[in-house]
Amino acid sequence: MNGAPLPAGSMIGIIGGGQLGRMLAMAAARLGYRLTVLDPDAGCPAAQVASEIIVASYDDVGALGRLAKSCDVVTYEFENVPVEPVRAAIGVALLYPPAEALEVAQDRVVEKAFLNGIDVETAEWRAVDSIEELGHALLDLGGDCILKTRRFGYDGKGQAIIRPNGPYADAFESLGSVPSILEKKVPFAYECSVIAARGTDGAVIAYDPAENVHSLGILRRSTVPGRVSPGVAEAAKAIAARIAERLGYVGVIGVEFFVLADDSLRVNEIAPRVHNSGHWTEAACAVSQFDQHVRAIAGLPLGDPVRHSDCVMENLIGDEIGRVAELLAEPETVVHLYGKAAARPGRKMGHFTRLARR
Ligand code: ADP
Ligand code: MG
C-alpha cells in the first residue's frame, strides 16, 4: 500500500486481544475504523471494545484466513504470533508489521545476529543448544551471565542467572533443555526504551526515551525523561530508526536499551508492536503510540511525537488495582484499566500516568 490511506469505515484485523489490542482498538475507533480481534478467549480485554471477534487459536489457518478476508489490513499485539500459519493465511489483506519483523523478534539468536549485522551493539552472546555448549560459552564469555530460551520468553520468564564458576547444568534443564542463548550480564547504569513508528512511505518518528525500572522481570515504572540525557536520547532514537528502516518496518516498534555508566548503549531486545513502556504517550502526547500504530498501518501521516508533559507511568499489577480510587482522586493523573475480571498475582490490570506539565 503505497497509495491512498485506508478509508474510514475500513476493517483492521488484530491478532491477539490483550490490553495492547484493546488500546489499539480504541485508537482505531477514534480514527473511524472498525476492528476485528482474533483471540482464543471470547472474554479477552480487546473483545469488549472491538466490532467483531473471531474466537480461535493463533495457529488456526482457517480462522486467520477468515480474518484476512474480512479485513483490509491485519496487525498483531504480540511477537509470538506463529509465522507460518500467518504467512499461509494472510494473502488477501496486508500484514503490518511485516512477517520478517516477527521472525527477528521471536528468536533471541536471530534478533542479536540481525542487530550486530547492522552495527548495533548488544550484550555479548553465544547460541547454546546443549549443556556441553553452555559450558564452553560460559568459559568464553566469563563473569556473570544470563541464560535465556531463544523463544517465548516474556516478563523475565525463561531466564536463569549463572554466576562465575557456579553450577550450570541445572539452569539449562530448568529452562526445559531447549535451544537457548547465553548473554553476558551488562553492568548497566539504567535501562531505557524508545518507541518509534515507521509509515508506509518510509517516514520515521521516535518518542523521547523512557527510563524503565523492572522488578521480578516485569516493568514497574517508566519515567520520561528520567535519567536519559539529551545525547543518549538522540543516540537511542537514531538506533531505533535504523532498526525500523532495516526491517522495512511499518507500524510501532519498541526498542529496549541498557545504558552504561559511560552513556554507551546496548540494545537488549526489540518488540514489533506497541510496548508497555510507551503507555505514557496516551497521557503526555497529543498522538499516542496506539494512534501512531493505526496511522502507520492505515497509510495515514504519522503524528508529532512531542510531549506536553514530563511524566511517570506505573503498572497496576495484581491486587494493586485496589489503588484505583486513590489514583482517580489525584489531579493530573490519567488512569487506564484493562477490563480484566480476576486480579491474579503478576497480572497487568491497568496503568496510570502522573503528569508534570513542562
Ligand atoms: P523479557 O522478554 O522477559 O522482557 P529481557 O531480555 O528484556 O526479557 O530481560 C528482562 C530484564 O532482565 C531486562 O529488562 C533486564 O533488567 C534484565 N536483563 C536481561 N538481559 C540482561 C543482560 N544481558 N544483562 C543485564 N541485565 C539483563
Ligand atoms: Mg524485555
Side-chain angles (χ1 to χ4, degrees), residues 16 18-20 77-81 101-102 104-116 120-128 134 137-138 140-164 166 168 171 174-176 178-195 209-223 226-228 236 239-240 243 252-262 264-279 313 315 317 346-348:
Q19 64 266 17
L20 301 180
E77 61 135 31
F78 69 113
E79 56 271 39
N80 288 320
V81 171
L102 280 176
V104 167
Q106 280 180 357
D107 184 319
R108 294 186 191 277
V109 166
V110 177
E111 183 179 46
K112 292 247 183 349
F114 162 75
L115 291 168
N116 298 161
V120 171
E121 282 192 80
T122 60
E124 284 186 74
W125 59 275
R126 297 286 183 275
V128 158
L134 176 57
L138 284 164
D140 241 15
L141 296 182
D144 282 347
C145 288
I146 304 178
L147 185 67
K148 304 180 184 178
T149 57
R150 282 174 69 158
R151 304 174 72 90
F152 302 122
Y154 70 99
D155 284 350
K157 294 184 176 57
Q159 302 193 12
I161 292 172
I162 306 181
R163 306 257 172 242
Y168 57 86
S174 74
L175 298 184
V178 293
S180 298
I181 184 170
L182 186 73
E183 294 181 16
K184 186 154 180 168
K185 193 164 181 199
V186 176
F188 59 79
Y190 64 92
E191 291 181 87
C192 75
S193 59
V194 169
I195 308 301
E211 179 192 344
N212 300 321
V213 174
H214 299 86
S215 141
L216 304 175
I218 303 181
L219 181 70
R220 288 281 359 161
R221 190 181 316 116
S222 294
T223 306
R227 272 187 280 180
V228 186
I239 290 171
I243 292 170
V252 162
I253 187 167
V255 181
E256 298 177 10
F257 294 88
F258 300 126
V259 186
L260 280 69
D262 66 358
S264 66
L265 293 166
R266 307 284 181 276
V267 168
N268 172 27
E269 61 173 351
I270 61 182
R273 54 172 168 78
V274 289
H275 195 263
N276 193 169
S277 70
H279 289 0
M313 187 285 310
N315 281 329
I317 297 171
R347 193 170 196 211
K348 291 175 181 166

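Both counts, for ligands and for their atoms, begin at 1 and track the order of listing.
Within the 4.0 angstrom cut-off, atom 13 (C) of ligand 1 has one or more protein heavy-atom neighbours. Distance check on atom 17 (C) of ligand 1: every protein heavy atom falls at or beyond the 4.0 Å cut-off.
Residue D155 does not count as close to the Mg ion (ligand 2), with no N, O or S atom under 2.8 Å.
Taking the Mg ion (ligand 2) as reference, E269 places its N/O/S atom OE2 nearest. Looking at E256, its N, O or S atom nearest to the Mg ion (ligand 2) turns out to be OE1.
At least one donor-acceptor pair closer than 3.5 Å links the side chain of Q106 to the backbone N or O of V81. Not a single donor-acceptor pair under 3.5 Å links the side chain of E269 to the backbone N or O of R108. In this structure, N315 contributes its side chain and I317 its backbone to no donor-acceptor pair below 3.5 Å. A donor-acceptor contact shorter than 3.5 Å links the side chain of S180 to the backbone of V178.
Within ligand 1, the atoms closer than 4.0 Å to a non-hydrogen atom of Y154 are 2 (O), 3 (O), numbered from 1 in the order shown. Interface of K185 with ligand 1, defined as ligand atoms under 4.0 Å from a residue heavy atom, comprises 24 (N), 25 (C). With ligand atoms numbered from 1 in the order given, ligand 1 contributes 13 (C), 14 (O), 15 (C), 16 (O) to contacts under 4.0 Å with heavy atoms of E191. Near K184, with a cut-off below 4.0 Å to any heavy atom, the atoms of ligand 1 are 23 (N). Atoms of ligand 1 found under 4.0 Å from any heavy atom of D155, numbered from 1 in the order shown, are 1 (P), 3 (O).
Residue, atom and distance of the protein heavy atom nearest to atom 1 (P) of ligand 1 are E269 OE2, 3.3 Å. For atom 23 (N) of ligand 1, the closest non-hydrogen atom on the protein side is E183 OE1, 2.9 Å. The nearest protein atom to atom 9 (O) of ligand 1, hydrogens excluded, is given as Q159 NE2, 3.1 Å; this is a heavy-atom distance. Of the protein's heavy atoms, G156 N, 2.5 Å lies nearest to atom 3 (O) of ligand 1. Closest to atom 20 (N) of ligand 1 among all protein heavy atoms lies K148 NZ, 2.8 Å. Looking only at heavy atoms of the protein, atom 26 (N) of ligand 1 is closest to F188 CE2, 3.4 Å.
Annotation: the span from E183 atom CD to I161 atom CD1 amounts to 11.5 Å, rounded to 0.5 Å. The CZ atom of R266 sits 12.5 Å away from the NZ atom of K112 when rounded to the nearest 0.5 Å.
Distances from atom 25 (C) of ligand 1 to the heavy atoms of I161, N212, V186, L219 show the closest one on V186.
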Tell me, with the steps shown, if D144 and K184 meet salt bridge (charged side-chain N to carboxylate O under 4.0 Å, His left out). CA-CA 6 Å; D144 282 347; K184 186 154 180 168; over 6 Å; no
Show, in sequence, the C-alpha distance, side-chain angles and deciding distance for N116 and T122, and conclude whether the side chain to side chain donor-acceptor pair (under 3.5 Å) test is met. CA-CA 7 Å; N116 298 161; T122 60; 3.1 Å; yes
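Contact between R266 and ligand 1 is absent, with no heavy atom of the residue lying under 4.0 Å from the ligand. At least one heavy atom of G153 sits less than 4.0 Å from an atom of ligand 1.
Where the criterion is an N or O separation shorter than 3.5 Å, residue side chain and backbone included, E256 meets it with respect to ligand 1.
A salt bridge is defined here as a Lys NZ or Arg NE, NH1 or NH2 lying under 4.0 Å from an Asp or Glu carboxylate O, and R227 with E211 meets this definition.
L20 places none of its side-chain heavy atoms less than 4.5 Å from the side chain of F78. Between V186 and E191, the closest side-chain pair of non-hydrogen atoms is not below 4.5 Å.
Of all the heavy atoms in L265 and A236, the pair that sits closest is CD1-N, 3.6 Å.
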